[in-house]
Peer 1: 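My structure is below; once you've seen it, I'll send some questions.
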Amino acid sequence: MEQFPLFKSGNEPKSEEPVSKTSSAPPPIVHPSSPLTELSFDIEATGKDPISDMIIGIALCREEGKAYYVPIRHKHGANIPDALSILKETLEDGSISKIGHNLKYDILILRQEGIHVKGRLYDTMLAAYLLNPNKPDHSLENVGLEYLMHKKRPFTEVLGKLHSFADVPIDEATQYAAEDAALAMELKNILFEKLKDEGLEDLYFDIEMPLIYVLAGMEEEGVRINKERLEELSKELERELGIIESRIYAGAGENFNINSPKQLQKILFEKLGLKPLKKTKTGYSTGMDVLEELSKVHELPMEILNYRTFYKLKTTYVDALPKLIDKKTGRVHTSFNQTVTATGRLSSSEPNLQNIPVRGDWGTKVREVFTADEGCVLISADYSQIELRILAHMSNDEGLIDAFKKDIDIHSRTASELFGIEREAVTDDMRRVAKTVNFGVVYGISPFGLSEALNIPPKEASAFIEQYFDKHPGVKQYMENTIKTAQQQGYVVTVMGRKRPTPEINSHNANIRQQAERLAINTPVQGTAADLIKIAMINIWNRLKEKNLKTKMVLQIHDELLFEAPENEIEPARELIKHEMENAMTLSVPLRVDIGHGKNWSEAH
DNA sequence: TAATTCAGC
DNA sequence: CGCTGAATTAG
């Protein structure tokens, strides 16, 4: 590493000693006794969004207890603006491991500066996540507290009052940032030892770590949306909402806030005297299923449902998306969160692009807004029945395996089993019921849940479940075994060895215990599906690069991947994607991927 | 901040 | 019945 003036932090993170500043007297040049093999770093920036924010400074640490801070763009004090160009070589050196907490963020910020981080990544946030995915928050603060009993100074309060990190005086920033880099270094040694002990090393190094680069690439790429079209749709929804609103006020005989469940209860259950069918903690439910039922007796509930549908469409999607278009790129850059879900799935936020409407005419209209760049198309590839196939594999159930090997419509087959008839005799309604049962099985079915979903008495739901287990003894056995191992080991695992603790599995409270049983059943299935698509993403990423294709992966929606491909690459890209997805893992049943392309997301489906 | 509702897989 | 995130109201 080149030498440059540094600000050294306290050697002991807990030490109250003032930081020794070296701006007036440069530190002696350090000649490392051993070659640099790993480096912990932590970037401070103007905000939390790595696509739009700017780097303010970078903290560095190469051995426990000693860290440095390099100020780059503070408003006051002696910045070292050239530091990044000096650090570039080290950060891009693939033989030097990079250590940090939430490295995807640092990687993305650095890319804006033209620095492309390479090398093995030791991400302490991901390590902490794999060790216990049930934790709601894996911030450095919390992880430090849990594994090092390390309490950080309450810096965030100070920061909150200031405009940005650039306003923070350099010596204060040094304390804070250097401590973080040192903390990550210290945590790395502890957490990665624990990962090894828990058998999570392969999952980390083969899947989660390489995925950091893939997700960083997807976030950086972003997706193009048609702002003008969204503005048209917003006006259309505005008109529609106005009409429905006046109809609702007329029907209710007064004006009120339709968005307030409280006020709506008054209108429906007091003024109109409709039967409250379900209760919530605070009153009577006005949820979708209740309003649907009530719409048989009165016109108003259906109008309310219509209003809610349009209102949601407008506020959550049509009006929200344009605000999130990045000024520089003109595209929408979601965050793919790798350490949020308890099962191993990703989540997406700001905006959430994993819950864009798909059903109905308006679902189509909204998805048409997601468009490919000029000269490109969007390719959508989604796994068919991925969770049921995984259940077939994990349970080794003969009937399920047979169905998937023969590529039979699984819901029709279940329907014929449940109703004891030939598959040709299955009606649409019977298939709908069977589909719900199949979903229920994956979710850890209960008579209550199924009866709610199908709107039938619990007794009838129980009969369906019994009939299902009768035809699928392997599935029944799998569920019993999974619960038993959860009780004995205190956790459940996916095919790739991802773990989720099941702390409530032996609870004396029947409701709590049964809920724990259901998640014990669901987690290995949902989690294995997450493992599977992550593997596919990494393999596709590598092969696209290998073959020098310009096709870009842009979104992941749990069992679907969306790509943007130049028109002249459509065929090779489709072929590559389908192949990698269908061969990401070898299960006892084949994997099937449906793939399509078009100028927008709706056409691609 | 908690509760409710609803969009997705 | 499993897993999420966002928008809203209301205390």
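Below, each value reflects all heavy atoms present in this structure, side chains not excepted, and no hydrogens, waters or symmetry copies. Everything numeric here is computed off the predicted structure, so don't read it as measured data. Lettering of chains follows the sequences in order, A, B, ..., and the numbering in each one begins at 1.
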Peer 1: Any idea which of C:dC3, C:dA6, B:dC9 is nearest the A:Ile557 side chain?
Peer 2: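 Looking only at side-chain atoms, A:Ile557 lies closest to B:dC9.
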Peer 1: For the side chain of A:Ala342, starting at C-beta, report the closest nucleotide among B:dA7, C:dT4, B:dG8.
Peer 2: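 Closest of the options to the side chain of A:Ala342: C:dT4.
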Peer 1: Determine: side-chain N/O of A:Arg359 to OP1/OP2 of B:dC9, distance under 4.0 Å, yes or no.
Peer 2: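 A:Arg359 to B:dC9 OP1/OP2: side-chain N or O found under 4.0 Å.
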Peer 1: Below 4.0 angstrom, N of the basic side chain to O of the carboxylate: do A:Arg367 and A:Glu603 qualify?
Peer 2: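 Salt bridge absent between A:Arg367 and A:Glu603.
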Peer 1: Would you say A:Arg500 places a side-chain N or O within less than 4.0 Å of OP1 or OP2 belonging to C:dC3?
Peer 2: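 Checking C:dC3 against A:Arg500, a side-chain N or O does come within under 4.0 Å of OP1 or OP2.
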Peer 1: Do any side-chain nitrogens or oxygens of A:Asn257 fall under 4.0 Å of OP1 or OP2 in C:dT9?
Peer 2: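 Yes, because at least one side-chain N or O of A:Asn257 sits under 4.0 Å from OP1 or OP2 of C:dT9.
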Peer 1: Identify which nucleotide among B:dC9, C:dA6, C:dG2 has an atom closest to any side-chain atom of A:His558, counting heavy atoms from C-beta outward.
Peer 2: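 The answer is B:dC9.
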Peer 1: Quick one: list whatever passes ring pair (Phe, Tyr, Trp, His ring centres under 6.0 Å) with A:Tyr311, sequence neighbours left out.
Peer 2: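 A:Tyr311: ring pair (Phe, Tyr, Trp, His ring centres under 6.0 Å) contacts with A:Tyr307.
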Peer 1: Applying ring pair (Phe, Tyr, Trp, His ring centres under 6.0 Å), can you list everything that pairs with A:Tyr204, at least two apart in sequence or on another chain?
Peer 2: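 Once residues adjacent in sequence are excluded, the partners of A:Tyr204 under the ring pair (Phe, Tyr, Trp, His ring centres under 6.0 Å) criterion are A:Phe192.
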Peer 1: Taking only side-chain nitrogens and oxygens of A:Tyr311, does any of them come within less than 4.0 Å of OP1 or OP2 of C:dT8?
Peer 2: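 Checking A:Tyr311 against C:dT8: at least one side-chain N or O falls below 4.0 Å of OP1 or OP2.
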Peer 1: Would you say A:Lys484 has more than 12 foreign heavy atoms packed within less than 6.0 Å of its NZ?
Peer 2: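 It does not: A:Lys484 NZ has 12 such atoms or fewer within range.
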Peer 1: Aromatic contact between A:Phe419 and A:Phe464, with the criterion being ring centroids under 6.0 Å apart: yes or no?
Peer 2: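 Ring centroids of A:Phe419 and A:Phe464 are less than 6.0 Å from each other.
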Peer 1: Taking the side chain of A:Arg345 as heavy atoms from C-beta outward, which of C:dT8, C:dC3, C:dA6 is closest to it?
Peer 2: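 Comparing C:dT8, C:dC3, C:dA6 against the side chain of A:Arg345, the answer is C:dC3.
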Peer 1: Specify the residues of residues 258-287 of chain A, ordered by number, for which at least one heavy atom lies under 4.0 angstrom from an atom of DNA chain B.
Peer 2: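 Hits under 4.0 Å, by residue number: A:Thr280, A:Lys281, A:Thr282, A:Ser285, A:Thr286, A:Gly287.
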Peer 1: Would you say a side-chain N or O of A:Thr316 is under 4.0 Å from OP1 or OP2 of B:dA7?
Peer 2: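 So the side-chain polar atoms of A:Thr316 never come under 4.0 Å of the phosphate oxygens OP1 or OP2 of B:dA7.
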Peer 1: Of the nucleotides B:dC6, C:dT8, C:dG5, which one has an atom closest to the side chain of A:Met288?
Peer 2: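 Of the options given, the side chain of A:Met288 lies nearest B:dC6.
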Peer 1: What residue among A:Leu294, A:Leu274, A:Leu272, A:Leu291 forms side chain to side chain contact (heavy atoms under 4.5 Å, CB included) with A:Leu300?
Peer 2: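 For A:Leu300, the side chain to side chain contact (heavy atoms under 4.5 Å, CB included) test succeeds with only one of A:Leu294, A:Leu274, A:Leu272, A:Leu291, which is A:Leu272.
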Peer 1: Among C:dG2, C:dC3, B:dG8, which nucleotide sits nearest the side chain of A:Thr343?
Peer 2: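 Looking only at side-chain atoms, A:Thr343 lies closest to C:dC3.
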Peer 1: Minimum heavy-atom separation for A:Glu564 to A:Thr371, with atom names?
Peer 2: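 Nearest heavy atoms, A:Glu564 then A:Thr371: OE2-O, 4.1 Å.
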